Amino acid sequence: MKIATWNINGIKARIDNLLTWLKESDPDIVCLQEIKSVDDGFPRLEIEALGYHVETHGQKGFNGVAILSKQSPDEVTRGLPGDDADEQARFMEAVFSVGSGCLRVASIYLPNGNPVDTEKFPYKLSWMQRLEAFAAERLAFEEPLVLAGDYNVIPEPVDCHDPKVWEGDALFRPESRTAFRRLENLGFTDAVRTVDDRPETYTFWDYQAGAWPKNNGIRIDHLMLSPEAADRLGAATIEKHVRAWERPSDHVPVAISLTI
DNA sequence: ATGGTAGAGGTTCTA
């Protein structure tokens, strides 16, 4: 089973690229982030025509996540638990029946957190605490679980072109990296890191300042696996070529295969 | 050269 995550930076601007990529890559489950659309505005018909079920959790203008899947989910929940006042659409979870029981997949759009001297940074850190609490709760289920998405965290210096440039940025601040590491310490596995100890590619290249032609990127899109999912991990690939397409997202798809 | 680009939506925000 192939599971992918992709921050598409606007579904309306990216629908043609998404359809091309779905046909080429043939994933079973896709977690999308930054759909930048309300649920009613999401172009579901074109995607359904390729054989996918479409579940969205959108909002007007910004944020928004979705899960596309060949198999219909048994259950879908929207919103990250832990703060009823949080209205930003950044999290959803789908549950699928599989031969061995069930598979849970969450689509995550973790807050960017910049500028760090505003309320955005504490919001990021509290969101990460809520994610850790959710992950810890799910861990007790002892089920395969994939937390896939744009984490807006550069885990290690090797995951960016020039660590000096990122010093002090919310994506690379010690608090952000420590919170990410706490997920790993709970027992979650960074799939790409596990398959390739030093992945010499990134998942995001800024539109500005020639970041793509200079390969000035960062690795911030991650698939974090519960032990039951990590035991079934095969390949993990960053589909870098998609960044060179016409009118690309600034992120590329990241995919894993699980033997489920 | 103190910049640059993109998307959504609406005369600006988020990233």
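Note that the coordinates shown come from a computational prediction; the quantities given were computed from them, not determined experimentally. A note on names: the letters A, B, ... follow the listed sequences, proteins ahead of strands, and every chain is numbered from 1.
Crowding of A:D40 atom CG: a count of heavy atoms from other residues, nucleotides or ligands under 6.0 Å not exceeding 12.
Summarising the hydrophobic clusters (Ile, Leu, Val, Met, Phe, Trp, Tyr; side-chain heavy atoms under 4.5 Å, direct or chained), the residues clustered with A:F141 are none. Hydrophobic cluster of A:F204: the remaining members, joined at side-chain heavy-atom separations below 4.5 Å, are A:I154, A:V165, A:W166, A:L171, A:F172, A:I218, A:I220, listed by chain and number.
For the pair A:N9 CG and B:dG7 P, the interatomic distance rounds to 6 Å; values are reported in whole Å. One atom, CD1 of A:I11, and another, P of B:dG9, lie 13 Å apart when rounded to the nearest Å. Rounded to an integer number of Å, the gap from CD1 of A:I8 to C1' of B:dA8 is 13 Å. Computed from coordinates, the A:N7 CG to B:dG7 P distance equals 12 Å when rounded to whole Å. As rounded to whole Å, 13 Å separates atom C1' of B:dG4 from atom CG of A:N216.
Listed by chain and residue number, A:Y202, A:W205, A:K240 satisfy the side-chain contact (heavy atoms from CB on, under 4.5 Å) test with A:N215 (two or more places apart in sequence, or in another chain).
Taking atom P in both B:dT5 and B:dG9, the straight-line distance is 22 Å, to the nearest Å. Comparing the C1' positions of B:dG4 and B:dA15 gives an interatomic distance of 14 Å, to the nearest angstrom. If you take atom P in B:dA8 and the same atom in B:dG3, they sit 26 Å apart, rounded to whole Å. Taking atom C1' on both nucleotides, B:dT14 is separated from B:dG10 by 15 Å, rounded to a whole Å.
A residue-by-residue look at A:D206 and A:I35 shows that A:D206 has its nearest nucleotide of DNA chain B further toward the 5' end.
Within the structure, every side-chain polar atom (N or O) of A:R247 is placed at least 4.0 Å from both OP1 and OP2 of B:dA6.
In this structure, A:W6 has its ring center under 6.0 Å from that of A:W21.
Residue pairs satisfying the salt bridge (charged side-chain N to carboxylate O under 4.0 Å, His left out) criterion with at least one member in residues 56-71 of chain A, sequence neighbours excluded, are listed as follows: A:D26-A:K70.
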List the atom pairs, with distances to 0.1 Å, where a side-chain N or O of residues 115-123 of chain A and a protein N or O form a donor-acceptor pair under 3.5 Å, not counting sequence neighbours.
residue: A:T118; atom: OG1; partner: A:P115; partner atom: O; Å: 2.7
residue: A:T118; atom: OG1; partner: A:K120; partner atom: N; Å: 3.2
residue: A:Y123; atom: OH; partner: A:D86; partner atom: OD1; Å: 3.0
residue: A:Y123; atom: OH; partner: A:D86; partner atom: OD2; Å: 3.0

Polar atom pairs between nucleotides 13-15 of chain B and protein, under 3.5 Å, N or O only, would you list them?
residue: B:dT14; atom: OP2; partner: A:K120; partner atom: NZ; Å: 3.1
residue: B:dA15; atom: OP1; partner: A:R90; partner atom: NH2; Å: 3.3

